[in-house]
Amino acid sequence: MNKQNIKAEITIVFKTCNLIDSDEFETKYLGNIENLLKEILENYPLIEIIDEECVILKIRKI
């Protein structure tokens with residue numbers, strides 16, 4: 001029997017918890033949400049920053 005691992009590419013939209021206050025966001029990240037999220041994702045597990053709601057947009061077997 002030839003077993004193979006299955007991988008998928010999943011596109012999901014998460015609603016986040018409150019990430020940062022607006023003053024710090026404007027001062028530290030100059031309003032750039034992409035830079036804020038990159039830093040958060042590098043330093044915190046995803047489960048810590050998301051609310052329980054999510055929507056699966058696309059799933060593709062790779």
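Keep in mind that this is a model prediction, so the values were computed, not measured.
Not counting sequence neighbours, the partners of I6 by the side chain to side chain contact (heavy atoms under 4.5 Å, CB included) test are K61. Scanning for side chain to side chain contact (heavy atoms under 4.5 Å, CB included) contacts around L57 gives T11, V13, V55, with sequence neighbours left out.
Taking each heavy atom of I12 and C54 in turn, the nearest pair found is CG2-CB, 3.8 Å.
Distance check, rounded to the nearest 0.5 Å: CZ of F25 to CG of N32 gives 7.0 Å.
Taking 4.5 Å as the limit, some side-chain heavy atom of E9 sits within range of a side-chain heavy atom of K58.
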Distance-only criterion, 3.5 Å: show the donor-acceptor pairs between side-chain atoms of residues 36-51 and protein atoms not counting sequence neighbours.
from	atom 1	to	atom 2	distance (Å)
K38	NZ	E34	OE2	3.2
E39	OE1	Y29	OH	3.3
E39	OE2	K28	NZ	3.3
E39	OE2	Y29	OH	3.0
N43	ND2	E39	O	2.7

